[in-house]
Amino acid sequence: MEYLGRKDFIKSAFKTDIFKFRIGDLAQMTGVSTRQLRYWESKGIIESLSREGEQNARVYNYATYHRVQLIKDYLDEGYTLQAAVGKANDIMSAFAGFADIIYSAVQGVDTIDDQRMVDLGYFDAAKTQRLWASIDDNKEVHYHVKPVEDEQ
DNA sequence: GTTCTGACA
DNA sequence: TGTCAGAA
């Protein structure tokens, strides 16, 4: 695993693809047995990264962790494995690009008028205004459009 | 100690 | 799917 450094702290907070897990880790995290994980992989339901090391052990990424957890949840709800995989595929395709957009959209943070604000980048094509978001105690998000001049 | 494959219940 | 064996 790598650490991206302080400069990219905010971005690295969303950089989940640097996480790598072994089959034992994944089994503990999701409650899915190692036997099941190997079986699912043999069926093409999940994939592991290229193997490394003398043990030739499987390595899973963060996306696979989410996929396994998703399938496991549907399994617990009573779906068959096949149906659970179908459900998981639907959800994952619906959310395709979601993380990338959030990752790209967030530019940084700042404190404006004693309020914590998240910088969401330019609001208009002319780049004269910027979009900020704050969140209150009730977890309600508020948006603010501010002229670029104000911050400089 | 952990993981791998294959085999059997 | 669980569990075990024998090997890496």
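- One can place CZ of A:R58 at 4 Å from P of B:dC4, the figure rounded to the nearest angstrom.
- Here the P atom of nucleotide B:dT2 and the CG atom of A:D25 are 10 Å apart, to the nearest Å.
- One interatomic measurement links the two molecules: CG of A:L26 to P of B:dT2, which rounds to 16 Å at whole-angstrom precision.
- Between the side chains of A:N89 and A:R67, at least one donor N or O lies within less than 3.5 Å of an accepting N or O.
- Counting only N and O atoms by type, the side chains of A:R116 and A:S134 include no donor and acceptor under 3.5 Å apart.
- Judged by closest nucleotide on DNA chain B, A:R38 is the one of A:R38 and A:R35 placed further toward the 5' end.
- With a 6.0 Å cutoff to the six-membered ring centre and a 45° limit on the axis angle, A:R130 counts as a cation-pi contact of A:Y122.
- Between the side chains of A:T64 and A:E47, no donor N or O sits under 3.5 Å from an acceptor N or O.
- Spacing between atom CG of A:L37 and atom P of B:dC4 amounts to 10 Å, rounded to whole angstrom units.
- A:T80 places a side-chain N or O within 3.5 Å of a backbone atom of A:A83 that can act as its donor or acceptor partner.
- In this structure, NZ of A:K20 is placed 21 Å from P of B:dT2, rounded to the nearest angstrom.
- Atom-to-atom, OH of A:Y39 to P of B:dT3 comes out at 22 Å; the value is rounded to the nearest Å.
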Original post:
Tell me, what's DNA chain C's dot-bracket, Watson-Crick or G-U with both distances under 3.5 Å, | for other-strand, [ ] crossing?
Top reply: ||||||||
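- For the pair A:R22 CZ and B:dT3 P, the computed distance is 5 Å after rounding to whole Å.
- Contacts of A:T34 with the nucleic acid, taken as non-hydrogen atoms under 4.0 Å apart, are absent.
- In this structure, CD of A:Q28 is placed 12 Å from C1' of B:dT2, rounded to the nearest angstrom.
- Side-chain contact of A:D124 with A:T128: a donor-acceptor pair under 3.5 Å is present, judged by distance alone.
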